[in-house]
Amino acid sequence: MTITQHLDDTTAASAPQAYIKVTDLHHEYGGITALDCVSLDVQPGEFVTLLGPSGSGKSSLLHILAGLVDPSSGTISIAGTDVTRTPPQKREIGLVFQNYALFPHMTAEENIRFPLNVRKVSDTEAAERVAEVLKLVELSALAQRRPEQLSGGQQQRVAVGRAIAAVPKVLLLDEPLGALDRRLRQQLGREIRRVQRETGITTIYVTHDQEEAFTMSDRVVVMNHGEIRQVGTPEEVYSTPRDAFVANFVGEVNLWPVEVSPLGGGLVDARTDGGASFDASYGSAAQGGTDSLVAAVRPEKVWAWHPDDSVPHPDVQLVDTGVIVESTFLGNSRSVVIESDLLGKTSALLYDGESPRYSGERVSVGWQPRHALVVPEDAGSA
Amino acid sequence: MAIGALYGVFFLWPLVNVAMRSFSPTGTLSYDPGGFSIVNYKLLFTDKILRDVVVNTVVTASISTILTFVFAFPTAYLMTRLRRSVSTTLFMMILLPFWVSILVRLFAFLELLSANGPVNSLFETLGMGRQSLLFNTTGTVIGMVNYLLPYMILVLFAAMSGIDPNLTRAAKSLGCSSWRAFRSVYLPLVRGSIVGALLLNFIIATGFFLTPAILGGPQDTTVSTYIAQQVQNYKWGTASAFGVVLLLATCLGFTLAGRMTGLTSGSGVVLSGSKGVSREQAMPFGPAKVALWSVTSAVLLFLFAPLLFVLPLSWGVDSTIAWPPRGFTLHWYAKALTDPLWTASMRKSVLVGAAVAVLCLVIAIFLARWVRGLAARPRLQGFVVSVVYLPIVVPVILLAIGTFDVQARIGALDTWWGLVLVETVLALPFTYLVVAAALDNVDPSLERAAWTMGASKIYALRKVVVPTIVPALIGAALLAFISSWDEAVVALFQTGFDKTLPVNFYSSLKSGASPVIAAIGSMLMLLVVVLAALYVGIRAVVGRRRTQEPSSVDDSPSRKGHTK
């Protein structure tokens with residue numbers, strides 16, 4: 001059986017039940033709560049990313065999944081088997097470490113062959129499998145090199161190849177692109193996704209980089225302070241964040257504390273401290289809660305136009321008028337900060353043709369009601 | 001557990017034993033509290049002869065320590081200010097005599113400093129007249145300084161290489177003169193280490209046994225030689241009281257020195273490398289550098305001259321040692337290698353040394369891993385590391401008399417395994433230092449990576465961790481072997497009929513030098529050179545195999561992944 005044939009196996013086995021099931025995981029060390037009531041279902045063949053700032057518990061969760069750390073309580077099952085107390089040796093997982101952890105005394109080929117040797121795969125079969133993996137990660141020409149003779153990107157590929165060589169049930173990646181520069185990160189991110197698609201191995205990926213999370217994942221799990229804050233597709237998480245933390249962590253956002261009064265049709269009238277008032281949509285997490293609420297508007301959804309002109313789009317509402325105090329050229333766009341009486345500072349992203357756009361110019365600011373989302377300050381764990 | 005038992009029986013029990021005896025007025029061992037008395041301790045402070053012994057020991061140790069420091073400091077400082085390749089070479093050269101048997105060096109000094117020896121000939125030609133350099137304090141001090149120099153240089157070098165040279169550069173950029181920058185920035189940073197190093201060397205110097213026994217005279221007995229004399233006459237009382245005082249002073253000094261040099265913090269690894277100090281800019285040429293180099297050259301001459309001096313002594317044709325040697329013959333080598341007295345002792349030394357090397361290596365690996373796992377309990381970690389290092393500084397004469405007694409009780413005296421176990425305790429600090437340093441450089445995620453791929457813990461250790469530190473393991477095993485191979489004091493009290501090589505050597509030195517001893521000394525020295533060359537060679541081969549192929553060129557620079 002080759003690695004890519006394995007794809008058919010997993011899809012055939014795709015039952016309605018989750019492939020990885022994490023239930024009520026709780027973990028403490030040294031009196032610090034690293035994970036609190038974490039539950040998560042992952043479907044077979046899915047690529048799920050754990051996204052969060054450092055200390056959010058995402059790496060702890062990954063290490064618990066790998067069996068390198070024992071959780072204080074809760075259970076984990078993989079493919080229907082409870083593995084909570086199974087040692088890492090018996091879990092049949094592939095783990096790619098942040099620093100790759102390549103064995104320095106072995107060549108790329110020997111590194112990839114290591115898990116097969118451990119499992120006492122016959123020589124001919126192992127050789128075939130290694131050749132296949134080398135081809136998959138595009139390292140056939142460099143098979144005889146030692147890690148120190150390989151570039152960072154090549155080492156990363158060896159690490160991925162080694163992790164999938166024995167066809168693990170689950171592939172776990174712990175910030176595998178953190179040590180590389182931006183361009184290489186994007187390229188290797190795409191490659192990891194390609195390899196994952198071709199092998200169909202259920203994958204959990206840890207990162208603090210939202211761009212990586214969005215471009216690679218089927219679903220994103222946003223974590224903070226040891227809790228899962230939101231689970232969803234990249235689009236869901238970006239455009240309908242559950243609370244201010246998620247909105248802020250997955251991208252640039254303007255946030256204003258607001259008081260709301262309902263208008264019907266899912267809309268509310270939102271009033272900021274400064275006295276600005278606008279129509280906004282009411283997020284599901286905000287309903288029924290007594291928490292303090294904020295209105296979130298992404299910079300690219302903010303319109304800016306000349307105060308003498310009329311509203312540039314029929315749905316856009318005029319919210320305030322102010323002065324551009326900062327204007328930064330970003331290549332395909334321009335990021336500006338507008339200072340106004342009612343809103344204070346507002347960030348906006350302006351594309352070609354939109355004006356005014358330079359420091360010192362007076363502008364009107366506004367947005368569509370559907371692009372202003374009212375969410376709780378803190379919705380707690382998802 | 002087993003390690004604990006080993007230390008219990010072959011390290012702690014002997015010391016406790018000595019302590020018990022010190023409280024008995026007759027010096028006999030009894031666990032009966034009725035016979036408890038401090039009469040032996042009173043004697044130490046009242047008896048005039050004993051007081052002279054103490055004063056003599058302290059004076060000799062102080063002079064030796066200060067002299068050692070005067071030479072070691074400039075050398076260590078120069079080493080931190082040289083290009084890395086040069087300083088590594090110097091480092092190796094200073095380490096080399098460290099591993100040549102002290103007995104060989106003492107033998108060389110016996111001949112060098114003798115009334116008709118080359119040093120006195122030189123004095124005479126210079127018009128200074130012949131001096132009495134042997135069998136007095138001068139002789140002892142010369143021998144001690146020779147022995148202490150590598151220790152002191154290593155400790156100072158370790159401390160100094162942890163200091164960022166940019167600090168003095170920064171001081172100079174702020175307007176300090178070179179001297180002022182050195183005095184007000186550099187010295188305060190190394191002051192703790194200097195005091196620690198002085199203390200450490202002083203402790204070691206007070207515990208010296210072989211050097212005063214061979215180079216010193218009968219008038220200036222030191223504590224160690226006094227203890228040995230008394231115990232050999234089965235007079236344990238004052239000897240063991242002396243031992244206890246010496247031990248307490250040692251422990252106290254060691255703790256203080258450890259605090260000051262940081263030797264016992266963490267897993268006890270200080271010589272593991274640069275700590276990110278940039279050394280691209282070597283010291284500029286100038287009077288300061290010339291002065292430093294001249295001191296360093298003097299140190300090297302002083303370290304190497306006695307070693308090289310042994311060679312010509314071994315090839316003279318005369319049947320007594322004479323300077324300068326007459327003619328050339330390898331007859332004495334042949335005699336040394338065929339005389340059953342010497343071959344039997346060589347065989348025994350090799351066997352014991354090999355057993356000690358294997359045992360030390362296994363223990364050091366497990367111990368180092370265990371200690372590293374104790375990071376969450378720094379106090380226990382520090383304690384374990386201190387115990388492991390203690391045998392280096394506990395006066396070896398104490399262990400010798402203690403184990404002599406303990407082994408007699410458990411029936412291990414005169415057995416080869418009894419000797420192996422004691423020598424293991426003595427050699428372990430060196431082995432541990434090397435192994436722990438190497439293991440510290442192994443990324444712990446390598447092992448975890450192997451586990452996630454299904455490798456059992458033993459399999460991961462064997463296939464992943466051990467292969468990455470092979471050169472260090474070979475080095476550690478060699479150190480253990482040489483440590484046991486050279487050890488004479490404990491073995492002196494241990495072996496009855498079949499003596500080890502150093503014990504034989506010691507007895508022959510005492511009974512009068514012959515060219516056979518010179519031949520054996522030369523061979524002992526050459527052995528160290530061969531082993532060192534072997535080690536360097538293996539490292540070079542391993543290193544070359546790793547860099548055989550050209551470095552790749554495509555995306556980002558290599559090793560980036562490891563810099564995290």
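Worth saying up front: this structure is predicted, and the values here are computed from it rather than measured. Letters A, B, ... mirror the listed sequences (proteins, then strands); counts begin at 1.
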Counting only non-hydrogen atoms closer than 4.5 Å, can you tell me which residues of residues 87-96 of chain A sit against chain B?
P88(A), Q89(A), I93(A), L95(A)
Structural part of R183(A) lying under 4.5 Å from a heavy atom of chain B
neither
Top contributor to chain A contacts, counting heavy-atom pairs under 4.5 Å, from K463(B), R448(B), E447(B):
R448(B)
Minimum heavy-atom distance between R162(A) and A449(B), given as atom pair plus value
NH2-CB, 3.5 Å
Close side-chain approach of N117(A) to Y459(B), heavy-atom, < 4.5 Å:
yes
Minimum heavy-atom separation for L102(A) and L446(B), please, with both atom names.
O-CD2, 3.0 Å
With a 4.5 angstrom heavy-atom cut-off, which part of A460(B) approaches chain A: side chain, backbone, both or neither?
neither
What distance separates M453(B) CE from N111(A) CG, expressed to the nearest 0.5 Å?
7.5 Å
Would you say T468(B) and F103(A) make side-chain contact, with heavy atoms under 4.5 Å?
no
Tell me whether the count of non-hydrogen atoms from other residues, nucleotides or ligands lying under 6.0 Å of CZ in R377(B) goes above 12.
no
Would you call P104(A) and D443(B) a side-chain contact if the rule is heavy atoms closer than 4.5 Å?
no
